[in-house]
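Report on the structure given below.
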Amino acid sequence: MSTGFHAGQDPNPPTGIEAAAATDRIDAFLAAENPSTPCVVIDLQIVSAYYRALCALFPATSIYYAVKANPAPEVIATLAALGASFDLASNGEIARCRGMGLPATRCSFGNTIKREADIARARADGIDLFAFDSPTELEKLARAAPGARVFCRMLVGAHGAQWPLSRKFGCDRQTAAELLLRASRLGLRPVGVSFHVGSQQTEPQRWSIAIAHAAEILRRCSREGVTLDLLNLGGGLPAHYRMPVPELSCYAEAIETALSREFGGARPQILLEPGRYLVGDAGLLRATVLLIAERPYHDQERWVYLDAGRYNGLPETLNERIAYRLRTPRHGGACGRVVLAGPTCDSTDIIYEKTRYELPLALGIGDPVDFLSAGAYTASYASVEFNGFPPIRTYCI
Ligand SMILES: Cc1ncc(COP(=O)(O)O)c(C=O)c1O
C-alpha cells in the first residue's frame, strides 16, 4: 500500500496473492489522473493473476466467469484471452460477450429465471447451455430451445456465506432428479447439476456437503438410464474484506477431497463460476467526503457522508453484510468512531452504523475514502440515476 494512507480498523491484508501490487498500480493511476469520484478502478493484472491461481489450484476445471460481478468489457476481454468461459444472467450480458467476439460455446445462460423469448433469442444465437430449477422453466426451455443442454440448480444451505443466495433459487434433490429425467423426455439434453453455496462463502466444507448431494442426483439419474456428466460448483469463492477468510488452497482441498470421495476416477466435467473472487481484490472504490457532522442521537455520533453509498456503488453494505477494508489519508493522528453514510436523501442510505469503523479525526471534507477489494458487485450494481447521481464510473488499468 502507498504511504500516507491509514488502513481502516481490523485490516485483513490479503494472503496468498498479494493485492498490494494492485494498490500500487491503482495508486499511480489515481495520483496521475485524479478522476472524479465516486469511481471504481480495476487492475487487470490482478484479474489475470487470480485467474491463473485458480486454474493452477483447480486443474481440469472449466472456469465460467460470472459476468454480473463486474461486466466491464476490459475485464471480459482479459479473461477471454486467458481462455475463460462465461456465466451469463441475461440477453444483455450475452450480447456484450458475443459482441466482443466470444464464441457461443463459451457461454452459459446461468440464470434460472428467464423470459421465454430471451431463451429463444439466446438459442438462435448459438447458446447451448441453460440453467433451470423449476418445472415451468424447464417447459419454457423445451419450447424455446429444443435439443439444448440443460442443468438443474439444486438448493443448498448458505451457512457461512456473507452474501447468501439460497431460497430464491434451487430445488430439492428429489425434484432435481425428476426434472432432469423429465428434461430428457421433453427433448432436451440433461447434462448435470449446479449449486451455489452463497457468495463470499467463508466455510470451504460447504462445497463438500453440496457435492455429496449433487452426486446423489447424478447416481439416481444414472440408475434410471440418464447419464449426467457435468457438475457446476457455482461461485462463492471469497474476496478479502475485513473478516478473515481461508486461503484459496483450503477451498481447493475441500473440493478435491469431496470429488474424489464421490466420483473416484469417474468424474463428471467440473465447472466453477467465480465472480467475486476474480475481480473483488482487483478493484478499489474511491469516494470523497462530502460532509462531516456531529449528531447527538444516542451518544455524540460523528457522521461522515460520502459521495458513494448504498445506491451508488456500495449495495453490498445492505444489512452491513460486506464490511470493506477502508483507507483514508491523514495517517498517524488520533482516530474516532464514525457512522458512514451515502449522499442520497434516503435514510436507508447508511453504509455502516453498527459495524465499528474508526477514521482519523483530522479527516476533512474533500478527502478521499478508499474501499479496498471493491472490484465486485459495486459499479455493476449502481442505480441508473437515483437522486440524480449518475452511475459510478469504472476505469480499468
Ligand atoms: C449462477 C451464479 N453463478 C455464479 C455467481 C457468482 O458468485 P460469486 O460472486 O460468489 O463467485 C452468481 C452470483 O450471484 C450466480 O448467481
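For this chain, numbers begin at 1 and follow the sequence in order. Whatever order the structure lists ligands and atoms in, that order sets their numbers, starting from 1. Fair warning: this is a prediction, and the values are worked out from it, not measured in the lab.
- Annotation: ligand 1 has protein neighbours Ala66, Lys68, Asp87, Arg153, Leu165, His196, Ser199, Gly235, Gly236, Glu273, Pro274, Gly275, Arg276, Tyr377, each with a heavy atom less than 4.0 angstrom from the ligand.
- Looking at Asn232, Leu228, Asp229, Leu180 one by one, the single match for side chain to side chain contact (heavy atoms under 4.5 Å, CB included) with Val191 turns out to be Asp229.
- Ring to ring, Tyr277 and Tyr50 are close: their centroids are under 6.0 angstrom apart.
- Exactly one residue among Gln200, Arg276, Arg325 makes a side-chain hydrogen bond (donor to acceptor under 3.5 Å, both in side chains) with Tyr241. That residue is Arg276.
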Please report, to 0.1 Å, the donor-acceptor pairs under 3.5 Å made by any side chain of residues 265-272, with sequence neighbours excluded.
{"residue": "Arg267", "atom": "NH1", "partner": "Glu256", "partner atom": "OE1", "Å": "3.1"}
{"residue": "Arg267", "atom": "NH2", "partner": "Glu256", "partner atom": "OE2", "Å": "2.8"}
{"residue": "Arg267", "atom": "NH2", "partner": "Ser260", "partner atom": "OG", "Å": "3.1"}
{"residue": "Gln269", "atom": "NE2", "partner": "Ser62", "partner atom": "OG", "Å": "3.1"}

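- Every residue two or more places apart in sequence or in another chain was checked for a ring pair (Phe, Tyr, Trp, His ring centres under 6.0 Å) with Tyr51, and none qualifies.
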Show which side-chain atoms of residues 63-77 pair as donor or acceptor with protein atoms under 3.5 Å away, not counting sequence neighbours.
{"residue": "Tyr65", "atom": "OH", "partner": "Asn70", "partner atom": "N", "Å": "3.1"}
{"residue": "Tyr65", "atom": "OH", "partner": "Asn70", "partner atom": "O", "Å": "2.7"}
{"residue": "Lys68", "atom": "NZ", "partner": "Asp87", "partner atom": "OD2", "Å": "3.1"}
{"residue": "Asn70", "atom": "OD1", "partner": "Ala72", "partner atom": "N", "Å": "3.0"}
{"residue": "Asn70", "atom": "ND2", "partner": "Gly375", "partner atom": "O", "Å": "3.0"}

